[in-house]
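This report refers to the structure that appears directly beneath it.
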Number of protein chains: 2
Amino acid sequence: MVRKPTSKETARKPNMREAILAAAEELFATNGFNAVSVRDIAQAAGANPGSVTYHFKTKDGLLLEIYRRHCGPMNLRRSELLAAAKRVRDLQDRLEAVVRAYVAPAFTSGSDLAGGGARFTRLRAVMSAEGNEVARKIIAQTFDDTSHAFIDAIHDSLPHVPRTDIVWRSHFLLGALYYSLVTPDRVSRLSRGEADGSDAASAIEQLVQASVAAFQAPALDQAAPARRRPVVSSKT
Amino acid sequence: MVRKPTSKETARKPNMREAILAAAEELFATNGFNAVSVRDIAQAAGANPGSVTYHFKTKDGLLLEIYRRHCGPMNLRRSELLAAAKRVRDLQDRLEAVVRAYVAPAFTSGSDLAGGGARFTRLRAVMSAEGNEVARKIIAQTFDDTSHAFIDAIHDSLPHVPRTDIVWRSHFLLGALYYSLVTPDRVSRLSRGEADGSDAASAIEQLVQASVAAFQAPALDQAAPARRRPVVSSKT
DNA sequence: ATGTGATTTGTACTATCGTACAAAAGATCA
DNA sequence: TGATCTTTTGTACGATAGTACAAATCACAT
């Protein structure tokens, strides 16, 4: 808010503002918005509750700033990756490259803003599930452009599949991605320890392969007529 | 809690207990657990806040009871549908039938307990995203059996795909299913009105077709060697 | 009708919430 | 050093949270 670049404004001290943002991001992403109090965040950041009010005015303002900080670099990075993927000549390779460009940045760890990062992606998943108003507004006006770009790119690789189907499948992809970040332990549990749901590389490969196959599925209108639809009835 | 079947215990009056359960289910499913107060629930049910305490003791107890009421009938119904699906002889038809048996009950509307229903499924999605403790315990001890049964059934139809891959893909399926129930409007928006994300029939068909294709994807270990992995780099 | 147990109501208690604000502390430059 | 600005601290306030509980009300068997 306050503009005053006195001398070295870069990280004057341990930089409380950043610590608060990081702590809030982590707590919101794992517990949801309402389950976390401003005091929880302050404590996790080693700050005073009043500091949060000072830097971000309100709790909503804090969430807003988390989104703001990520969206720019993340969308930039994504459009770079998408542009590179679209340059792949082979149609099938291109599809996979595009899907990978969509999936991979969501799993990056650490604090690199550019990637978007697993933490911020998980935050978005949780906010979306909670129907958070602040998040809803930002998402509609910031992420839809990127989503459309990816949908178009995928549609270019699969011209025979109607755009509507692509939209549905990309929606499923995002849901799968979100869920993988939200409950990775479930994968470990259901595979009886044979798979590690927390392993980003595995998650990316599995998700890319499964999604590519899903995108390549025949169009819905054409799927049915050739084969009879199996009808199932229980004996209730 | 209290056992006393005096005369007609079935719906003596408007039945407050049921109204509270229904209201809580709806509110929790759309706003999350912590965003909804006991007073909100009481008001939505046309009840007094004290009534909630009387019937369910605590807010956690209320959530617990919501789960309890659904889990039994829902798992029963699911195993019926699964058993019927496993009777399909053709291998590919059986796969689709099994997936459909998994997906369809999650989208049933109305208040039929058996189906599980869209509302309860959405509730589970939101609780899962919020990392709700009450839900986490119930899920691990109630849903994992059903999940394993479905995973095994799918694996039977796809013996050449490692179980680990099936687990991942079924995880993606559940994530996609959850997300479709949480933000159906996103589908409508991204398709520019061409698709209706709230239409259960469309969602089911799209999800079944996409998931079947995903399950049928080649095993991960075998996917790479035959084809070169497209490597993409941005110019950053 | 009356007594009895099951509900519903109204209210109150304590804890914690988000936020405000004055004072203290720290930093920067004349 | 002293003036000025930014940041941190400590505390407090009103609102609302979950829950408890006594009183009122209801349903029904006798």
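Values reported hereafter were calculated over all heavy atoms of this structure, with side chains retained and with hydrogens, waters and symmetry mates removed.
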Look at the side-chain N and O atoms of [X] and state whether any lies under 4.0 Å from the OP1 or OP2 oxygen of [N].
| X | N | value |
| --- | --- | --- |
| A:S51 | D:dT8 | yes |
| A:N48 | D:dG10 | yes |
| A:Y54 | D:dT8 | no |
| A:H55 | D:dT8 | yes |

What does A:S37 touch in the nucleic acid at a heavy-atom separation under 4.0 angstrom: a base, only the sugar-phosphate, or nothing? sugar-phosphate

Mind calculating the distance between [atom1] ([X]) and [atom2] ([N]) to the nearest angstrom?
| X | N | atom1 | atom2 | answer |
| --- | --- | --- | --- | --- |
| A:Q43 | D:dG10 | CD | P | 13 Å |
| A:I41 | C:dT16 | CD1 | C1' | 15 Å |
| B:K57 | C:dA6 | NZ | C1' | 15 Å |
| A:M16 | D:dT9 | CE | C1' | 11 Å |
| B:L63 | D:dT19 | CG | P | 12 Å |
| B:F28 | D:dG18 | CZ | P | 8 Å |
| B:L27 | D:dG18 | CG | P | 12 Å |
| B:F56 | C:dT8 | CZ | P | 10 Å |

Whether [X] side chain and [Y] backbone form a donor-acceptor pair below 3.5 Å:
| X | Y | answer |
| --- | --- | --- |
| B:Q206 | A:R169 | no |
| B:T142 | B:I139 | no |
| B:T183 | B:R186 | no |

If you assign A:G50 and A:A35 each to the DNA chain C nucleotide with the nearest heavy atom, which residue ends up on the more 5' nucleotide?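 Final value for this comparison: A:A35.
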
Can you check ring-ring contact (aromatic ring centres under 6.0 Å, His included) on B:Y179 and A:Y179, steps first, answer last? CA-CA 8 Å; B:Y179 194 53; A:Y179 195 52; over 10 Å; no

Would B:R163 and B:D152 pass as an ion pair if we require N to O under 4.0 Å? yes

So which nucleotide from C:dG18, C:dA20, D:dT19 ends up closest to the side chain of B:T53?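 Given the options C:dG18, C:dA20, D:dT19, the side chain of B:T53 is closest to D:dT19.
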
Between A:G46 and A:R39, which residue's closest nucleotide on DNA chain D lies nearer the 5′ terminus?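 Of the two residues, A:G46 wins.
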
